[in-house]
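None of the values given here were measured: they were computed from a predicted structure. Numbers restart at 1 for each chain; the letters A, B, ... are given by sequence-line order, proteins then strands.
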There are 2 protein chains.
Amino acid sequence: MSDTKENIIGLADELIRKRGFNAFSYNDIAVPLAVRNAAIHYYFPAKSDLGEAVIEVELRRVEEYRRGSERLTGEEQLKLLVGVFRRNNKLRMICLMGSLTPDYDTFEVPMRRKVKEMCLSILDWVAESLEKARGEGKLQFEGEAGDRALLVISTLLSSLLLSRVLGTNIFERMLDQLLQDMRADWRVKDIKL
Amino acid sequence: MSDTKENIIGLADELIRKRGFNAFSYNDIAVPLAVRNAAIHYYFPAKSDLGEAVIEVELRRVEEYRRGSERLTGEEQLKLLVGVFRRNNKLRMICLMGSLTPDYDTFEVPMRRKVKEMCLSILDWVAESLEKARGEGKLQFEGEAGDRALLVISTLLSSLLLSRVLGTNIFERMLDQLLQDMRADWRVKDIKL
DNA sequence: CAATATACTTACTAACTAATCAGTAAAAAA
DNA sequence: TTTTTTACTGATTAGTTAGTAAGTATATTG
């Protein structure tokens with residue numbers, strides 16, 4: 001993949017996370033990268049093509065994380081996940097799920113499909129890690145791991161949204177509350193993610 | 001308040017919840033209401049004025065809910081809250097927090113302040129209800145009610161986002177998971193919100 | 001070396017955007 | 001009854017948007 005193409009996708013990703021898909025324009029990419037708006041259309045004829053490309057890269061990132069952390073414990077996998085969100089929080093960036101799902105109904109069908117695929121892929125990863133951590137006796141929760149994954153992702157996603165508005169400390173406060181309920185042994189208070 | 005003004009705010013509210021603040025135009029309001037775009041500017045000189053008006057109405061709605069449910073139990077108050085979200089879910093509408101916080105950094109300062117005020121007001125209400133329900137022995141959780149309110153709102157907000165993408169049943173699945181952790185007596189499984 | 005493909009630029013457009021300003025009819029106030 | 005205010009319409013605009021078509025320099029291939 002050409003440098004320009006990669007830079008376009010990278011900046012689009014950043015803009016989606018910082019300002020939203022419907023709030024950035026081809027110009028917001030063209031100016032910083034010092035290319036013409038037509039250069040972006042050369043790689044991505046329609047804006048939705050650019051959106052889909054950003055999602056595909058995220059999808060591959062998730063796959064990489066999964067493959068790269070196969071041999072880690074469930075707890076370590078979850079630490080990795082939380083680390084990603086903590087980094088985003090420091091950069092005042094929300095996650096793609098938090099940015100794209102509110103605009104879902106403004107997207108065309110192919111991009112909606114990609115958004116859905118991305119959500120399912122992330123949730124599947126989290127569910128797997130949770131199940132593993134539960135098997136290890138590190139975490140405790142009732143019901144299916146897939147349902148608990150929804151709750152975990154929901155907390156991480158919202159903490160990014162709210163910490164931009166209410167202050168960055170919100171992130172750790174929410175994480176603490178989430179963990180409180182999943183501590184394998186409620187007498188032990190030192191589990192950290 | 002004139003009918004036209006009220007209709008404009010009402011439709012703007014719906015459009016924000018369905019498509020997002022940056023994805024609707026004055027035309028999307030003018031055409032269905034059969035008024036000219038200048039009529040909207042008459043009441044709301046700038047789009048941010050319209051946004052702020054929508055938030056102010058929501059703020060008053062929350063105040064009304066609070067005053068109107070003062071004498072209810074904490075559990076009943078929470079049932080009321082969940083009912084509001086459940087109705088939104090049926091209409092494929094997300095909540096204002098879920099719609100406006102992702103776009104937060106694209107707003108001008110006065111509107112950001114209003115968004116923040118709205119978030120704090122809603123969280124305060126939930127915290128109060130949670131504390132009350134805990135005092136009644138109906139719910140159980142550790143730490144401050146304000147922190148738990150973040151988790152509750154986070155779940156409700158995200159469930160609206162995700163249920164549009166993954167199917168409406170997501171809403172109840174997430175609610176069940178949330179409640180599992182807050183059951184006062186873990187042997188009793190019949191608490192419902 | 002010639003032909004072709006790649007990676008753009010220049011120049012443009014049609015459609016839409018929020019916003020403005022000068023009217024105007026009707027209601028309310030003086 | 002005159003004046004003022006309210007609640008708009010009509011007409012327009014400056015700026016932005018995604019998107020296109022035609023051209024060009026450079027690298028790749030036959």
How long is the line joining CD1 of I29(B) and P of dC16(C), in whole Å?
17 Å
Check the distance between dA18(D)'s C1' and N22(A)'s CG and give it to me in whole angstrom.
12 Å
Nucleotide dT20(C), atom C1' - distance to OH of Y26(B) in whole Å:
12 Å
Considering just the side-chain nitrogens and oxygens of S25(B), establish if one lies under 4.0 Å of OP1 or OP2 belonging to dA15(C).
no
Is a donor on one side and an acceptor on the other found under 3.5 Å between the side chain of E142(B) and the backbone of Q180(A)?
no
In whole Å, what is the span from the CZ atom of R19(A) to the C1' atom of dT16(D)?
14 Å
Which nucleotide in dA7(C), dA18(D), dA18(C) has an atom nearest any side-chain atom of H41(A):
dA18(D)
Residues of residues 42-57 of chain A with any non-hydrogen atom less than 4.0 angstrom from an atom of DNA chain D: list those, numerically ordered, please.
P45(A), A46(A), K47(A)
Check whether the ring centres of F85(B) and F171(B) lie less than 6.0 Å apart, and answer yes or no.
no
Report yes if a side-chain nitrogen or oxygen of T4(A) is closer than 4.0 Å to either non-bridging phosphate oxygen (OP1 or OP2) of dC8(C); otherwise report no.
yes
Does a donor on one side chain and an acceptor on the other come within less than 3.5 Å for S154(A) and S154(B)?
yes
Could you give the CG-to-C1' distance, from D3(B) to dC8(D), as a whole number of Å?
14 Å
Greater than 12 external heavy atoms within 6.0 Å of E144(A)'s CD:
no
Considering only dT20(C), dC8(C), dC8(D), which nucleotide approaches the side chain of A38(B) most closely?
dT20(C)
Gap between atoms CZ and P, on R36(B) and dG10(D) respectively (whole Å):
5 Å
Upstream residue (5' side of DNA chain C) when V35(A) and D28(B) are each assigned their closest nucleotide:
V35(A)
Are more than 12 heavy atoms, taken from residues, nucleotides or ligands other than E108(B), located less than 6.0 Å from that residue's CD atom?
no
Quick one: F21(B) CZ to dT17(C) P, roughly how many Å, whole number?
14 Å
Quick one: do the N89(A) and S159(A) side chains pair a donor with an acceptor below 3.5 Å?
no
Between dG10(D), dT20(D), dT9(C), which one does the side chain of N37(A) approach most closely?
dT20(D)
Given D105(A) and K18(B), is the salt bridge (Lys or Arg N to Asp or Glu O under 4.0 Å) satisfied, shown in steps?
CA-CA 7 Å; D105(A) 280 10; K18(B) 282 190 172 159; over 6 Å; no
Rounded off to whole Å, could you give me the CG-to-P distance for the N27(A) and dG19(D) pair?
14 Å
